[in-house]
Amino acid sequence: MKKLVLIAALFLTACSPQNSKDLEVDTESTGIVGGEQVESASAVGRSTVGLYDSKIGYICSGTLIAKNLILTAGHCVDPKSQNLVAIFAPEMKKAKKEHIRKVTKWIVHPNYSTEIVERDMADIAIVKIEGEAPVGFQVAPLLFGSQLIQNDVRTIVAGYGLNWTIGLKRGAGTLRTTTLTIDKAYYSQTEALLGQSLRRGICSGDSGGPAYVSINGQLHVWGVASRGDSLPGFLTPKCMLFSVFTRVDAYQTWIEQSITDLN
C-alpha cells in the first residue's frame with residue numbers, strides 16, 4: 001500500500017460533524033457504507049452505542065463494556081465537552097429521553113495526541129454515563145486474547161457513520177453493521193488494518209465503534225475504530241480502501257485500570 005495513501009488516511013478522523021447544534025440526520029440512507037440496519041434487539045444493537053455532542057456537533061460510536069461504561073476512540077472525546085451524551089437507540093433522531101444518558105466522566109489514553117501519526121496513535125478512551133444503560137442492553141466482553149485476531153479473519157463492525165461520501169455526504173445517525181476482513185492483524189504494535197471497498201466499510205461517524213468476533217454465540221469486542229482512508233477532492237469517495245482499528249489486547253492493563261478509576 002502506497003505511503004501517500006496511508007498518510008491521506010490520517011486526515012479522516014472518523015467523527016461525523018453536524019452543521020447544527022440540534023441533531024439532524026438523514027434517515028433514508030444511513031450508517032456504515034454497504035451495511036445493514038441494526039435492530040435494537042439484535043446482539044450488535046444491544047452492545048453498540050452512539051455518542052453525540054450537540055454543542056460541538058459530532059457523532060461517534062462506542063461499545064458498552066460495563067453497565068455504565070463505554071469504550072470508544074480517544075478523538076471522540078473533546079476535553080472541553082459539557083454536552084456529550086450516549087444514545088441507546090438504533091436511530092439517534094428517534095431516540096426517546098429514556099434512551100439517552102449524559103456522559104459524566106471519561107479517561108483518554110495518556111499517549112493519545114491530536115498530532116497526526118501514521119501508526120500506534122493510542123486512539124482509545126472510556127467514558128462513564130450517568131446511571132446505567134437502559135434495560136435490554138448487554139455488556140460486550142473484551143477480547144484480550146490475541147490468538148483469534150489474525151490475518152484473513154472475518155470481523156463484524158458497527159457504527160452510526162456515513163453511508164455515502166461521493167459529493168454530498170449523508171447518512172450519519174443510524175446504526176448499521178457489516179462484515180470486513182482483517183488484512184493486517186499487526187499493522188502496528190497496537191493496531192490492525194481492515195480491508196474495505198467502495199460498497200462496504202466504516203466511515204466518518206463510525207469512529208470509536210466496535211470490531212466484534214463471535215465466540216460460542218456471544219459477541220466479543222477486540223477493536224476500536226480509529227481512522228480510514230480520505231483522499232482529497234469533493235467528488236473523490238472516502239472510506240473505500242481500508243480502516244485502522246485500535247486493538248484492545250494491546251491496552252489491557254490501561255483498560256482494566258481505567259475501569260477501576262472511573263468506578
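Predicted, not measured: the structure shown is a model, and the values here were computed from it.
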Between atom [atom1] of [X] and atom [atom2] of [Y], what is the distance when rounded to the nearest 0.5 Å?
{"X": "K80", "Y": "Q82", "atom1": "NZ", "atom2": "CD", "result": "11.0 Å"}
{"X": "L194", "Y": "K184", "atom1": "CG", "atom2": "NZ", "result": "12.5 Å"}
{"X": "I259", "Y": "N68", "atom1": "CD1", "atom2": "CG", "result": "9.5 Å"}
{"X": "H75", "Y": "I124", "atom1": "NE2", "atom2": "CD1", "result": "12.5 Å"}
{"X": "I87", "Y": "M92", "atom1": "CD1", "atom2": "CE", "result": "4.5 Å"}
{"X": "D183", "Y": "D152", "atom1": "CG", "atom2": "CG", "result": "7.5 Å"}

Quick one: are [X] and [Y] in side-chain contact, heavy atoms under 4.5 Å?
{"X": "H99", "Y": "K94", "value": "no"}
{"X": "I70", "Y": "V103", "value": "no"}
{"X": "D78", "Y": "L84", "value": "no"}
{"X": "L69", "Y": "N263", "value": "yes"}

[X] and [Y]: side chain donor to acceptor below 3.5 Å:
{"X": "S61", "Y": "D206", "result": "no"}
{"X": "T48", "Y": "Y212", "result": "yes"}
{"X": "D123", "Y": "T246", "result": "no"}

Under the 3.5 angstrom rule, does the side chain of [X] hit a backbone N or O of [Y] as a donor-acceptor pair?
{"X": "Y58", "Y": "C76", "result": "yes"}
{"X": "N151", "Y": "A185", "result": "yes"}
{"X": "S47", "Y": "Q138", "result": "yes"}
{"X": "Q252", "Y": "L142", "result": "no"}
{"X": "K55", "Y": "N83", "result": "no"}

For S258, enumerate each residue passing the side chain to side chain contact (heavy atoms under 4.5 Å, CB included) test, keeping only those at least two apart in sequence or located in another chain. I107, I126, W254
Of the non-hydrogen atoms in [X] and [Y], which two are nearest, and what is the gap between them?
{"X": "G195", "Y": "L180", "answer": "O-CD2, 3.7 Å"}
{"X": "A73", "Y": "A125", "answer": "O-CB, 3.8 Å"}
{"X": "V221", "Y": "P210", "answer": "CG2-CB, 3.9 Å"}
{"X": "R227", "Y": "E118", "answer": "NH2-O, 2.9 Å"}
{"X": "S207", "Y": "T72", "answer": "O-OG1, 4.3 Å"}
{"X": "G223", "Y": "V248", "answer": "N-CG1, 4.2 Å"}

Counting neighbours of CD on E98 that are heavy atoms of other residues, nucleotides or ligands and sit closer than 6.0 Å, is the number greater than 12? yes
Evaluate D249 against I149 for side-chain contact (heavy atoms from CB on, under 4.5 Å), listing each step before the verdict. CA-CA 10 Å; D249 62 334; I149 309 308; 6.0 Å; no
Group every Ile, Leu, Val, Met, Phe, Trp and Tyr by side-chain heavy-atom contacts under 4.5 Å, then state whether V213 and Y186 land in the same group. no
Are W106 and V139 in one and the same hydrophobic cluster, where Ile, Leu, Val, Met, Phe, Trp and Tyr link if side-chain heavy atoms are under 4.5 Å apart? yes
Is it possible for you to check whether R247 lies under 6.0 Å from the centre of the six-membered ring of Y187, through NZ or CZ, and within 45° of that ring's axis? no
Given the rule in the side-chain contact (heavy atoms from CB on, under 4.5 Å) test, do E256 and F144 qualify, once you have shown the distances and angles that lead to the verdict? CA-CA 11 Å; E256 292 175 338; F144 289 132; 3.8 Å; yes
Just say parallel, tilted or perpendicular for the rings of F137 and F88, cut-offs at 30° and 60°. perpendicular
W222 vs V153, test: side-chain contact (heavy atoms from CB on, under 4.5 Å). Steps then yes/no. CA-CA 12 Å; W222 68 266; V153 167; over 6 Å; no
Test log, rule side-chain contact (heavy atoms from CB on, under 4.5 Å), inputs V157 and F245: CA-CA 10 Å; V157 298; F245 279 70; 3.8 Å; yes
